[in-house]
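One-based numbering along the sequence shown.
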Amino acid sequence: MPQIEEGELLPLIVGIHGRGDNGYDFLVGTNLGVANAVVVTPTGRGLAWSPAPYAITTVEQDTALIEAIIADISTAYPIDPHRVYLAGFSNGGGLVAVLATNNPEKYAGAATVAGAIRTTPGELTAGAPIDYLNIHGTWDDVVPYAGENRGGGGVIQPARDVTAAFAQRNGGAARTVHIPVEGMGHEWPAGIWAPSRGIDVTETILDFFSVSWDTD
């Protein structure tokens, strides 16, 4: 938690874990706590998030949960309402895409890492512009970079198609950035794990959000 100067408003980052993970382990594993921001990493019911077919919650329930958490945090800390960001991994990236598509006015930006995004390009294209960062490893064998048709499990959209849809939606009104990471699998390298992959995903996301971080 950063030191708060009197009258200062802080950015808020909502980190959304992948399937089978939990909020605490996600916070530790991603090193998001280095951000000079309020960071909250909730745990999804059943350790999963909608709209994945294995989730035990609906999009409406998960949306209500995230919005309630933001409201609660905003009563406890001096949050800048214009600097609320979303960052999600894998299954959590799928929920981030839904939130960014359905309620873009509530968020200043969104980032997905190895996102299992089931929202169609047509749906992603609709709606108001929102800054979007897509990071995906080209060697990801869990959520393939090129996407995957999982039959009853739905279609995972290719990373490039997701990015292109956001770019079409955003036009010149918001940023759209895609970083394909050669040699990276289904992971979020950060901190001591970053040098072996050539990218610190957390620092890249924080830089995109214009949020500083502690280097100690």
Side-chain angles (χ1 to χ4, degrees), residues 2 11-41 49 83-97 99-100 107-119 124 130-148 156-167 169-170 174-216:
L12 170 62
I13 299 172
V14 182
I16 304 181
H17 65 76
R19 181 186 187 185
D21 201 359
N22 62 74
Y24 176 79
D25 288 344
F26 181 67
L27 177 64
V28 174
T30 59
N31 206 33
L32 277 169
V34 302
N36 289 315
V38 176
V39 179
V40 58
T41 54
W49 303 98
R83 298 193 69 196
V84 178
Y85 303 99
L86 299 167
F89 176 69
S90 191
N91 168 225
L95 178 59
V96 164
L99 295 172
Y107 307 105
T112 61
V113 180
I117 297 173
R118 291 174 165 83
T119 311
L124 293 171
I130 181 172
D131 285 346
Y132 175 65
L133 171 64
N134 181 298
I135 301 175
H136 209 121
T138 60
W139 288 11
D140 193 333
D141 60 355
V142 177
V143 179
Y145 179 81
E148 185 175 36
I156 302 296
Q157 303 298 332
R160 288 193 182 278
D161 290 359
V162 171
T163 308
F166 270 100
R169 166 190 186 154
N170 289 337
R175 298 172 297 154
T176 309
V177 176
H178 177 48
I179 302 177
V181 185
E182 293 294 333
M184 189 175 86
H186 195 66
E187 55 191 310
W188 179 312
I192 63 173
W193 308 110
S196 65
R197 290 295 181 259
I199 184 173
D200 188 309
V201 167
T202 293
E203 291 185 0
T204 301
I205 290 172
L206 296 181
D207 184 61
F208 183 76
F209 291 161
S210 296
V211 173
S212 62
W213 62 87
D214 294 329
T215 57
D216 295 339

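A donor-acceptor contact shorter than 3.5 Å links the side chain of Asp200 to the backbone of Gly191. When atom types are taken as modelled, the side chain of Tyr85 and the backbone of Phe209 share a donor-acceptor pair closer than 3.5 angstrom. Under the 3.5 Å distance criterion, the side-chain polar atoms of Ser90 are left unmatched by any main-chain donor or acceptor of Gly18. A donor-acceptor pair under 3.5 Å links the side-chain atoms of Thr202 to the main chain of Thr30, judged by distance alone. When atom types are taken as modelled, the side chain of Arg83 and the backbone of Ser210 share a donor-acceptor pair closer than 3.5 angstrom.
There is a side-chain donor-acceptor pair under 3.5 Å between Asn170 and Thr176. Arg169 and Tyr132 share no donor-acceptor pair across their side chains, judged by distance under 3.5 Å alone.
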Q: Take Arg197 and Glu187, measure what side-chain contact (heavy atoms from CB on, under 4.5 Å) needs, and give me the verdict at the end.
A: CA-CA 10 Å; Arg197 290 295 181 259; Glu187 55 191 310; 2.7 Å; yes
Q: Mind running side-chain contact (heavy atoms from CB on, under 4.5 Å) on Val40 and Ile13 for me, showing each step along the way?
A: CA-CA 6 Å; Val40 58; Ile13 299 172; over 6 Å; no
Q.
Does Ile179 form a side-chain contact (heavy atoms from CB on, under 4.5 Å) with Ile199? I'd like the steps, not just the answer.
A. CA-CA 10 Å; Ile179 302 177; Ile199 184 173; 4.1 Å; yes
Q: Take Val39 and Thr41 through the test side-chain contact (heavy atoms from CB on, under 4.5 Å) and record every step on the way to the result.
A: CA-CA 7 Å; Val39 179; Thr41 54; 4.2 Å; yes
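When all heavy atoms of Val96 and Ala111 are compared, the pair lying nearest together is CG1-O, 4.0 Å. The shortest non-hydrogen separation linking His178 to Pro180 is O-CD, 3.6 Å. Between Ala146 and Pro158 the shortest heavy-atom distance is O-CG, 3.2 Å. Heavy atoms only, all atoms of each residue included: Ala97 and Ile117 are closest at CB-CG2, 3.8 Å. Smallest separation of non-hydrogen atoms from Ala37 and Pro11: CB-O, 3.3 Å.
Inter-residue side-chain proximity for Ile205 and Leu133 is flagged as met; some heavy-atom pair is nearer than 4.5 Å. In this structure, the side chains of Asn36 and Asp214 come closer than 4.5 Å at one or more pairs of heavy atoms.
Here the CE atom belonging to Met184 is positioned 10.5 Å from the OG atom belonging to Ser196, to the nearest 0.5 angstrom. One distance of note links CD1 of Ile135 with OG1 of Thr204; it measures 5.0 Å at 0.5 Å rounding. Within the model, atoms CG of Leu206 and CG of Leu32 stand 6.5 Å from one another, a figure rounded to the nearest 0.5 Å. In this structure, Asp140 CG and Ile156 CD1 are separated by 10.5 Å, a value rounded to the nearest 0.5 Å. To the nearest 0.5 Å, atoms CD1 (Ile130) and CG (Leu124) are separated by 11.5 Å. In this structure, OG1 in Thr112 is found 11.0 Å from CD1 in Ile16, a value given to the nearest 0.5 Å.
Using cut-offs of 30° and 60° for the angle between ring planes, the Trp49 and His17 rings count as tilted.
By the 6.0 Å and 45° rule, Arg175 stacks over the aromatic ring of Phe208.
In this structure, His136 has its ring center no closer than 6.0 Å to that of Phe89. In this structure, Trp188 has its ring center closer than 6.0 angstrom to the ring center of Phe26.
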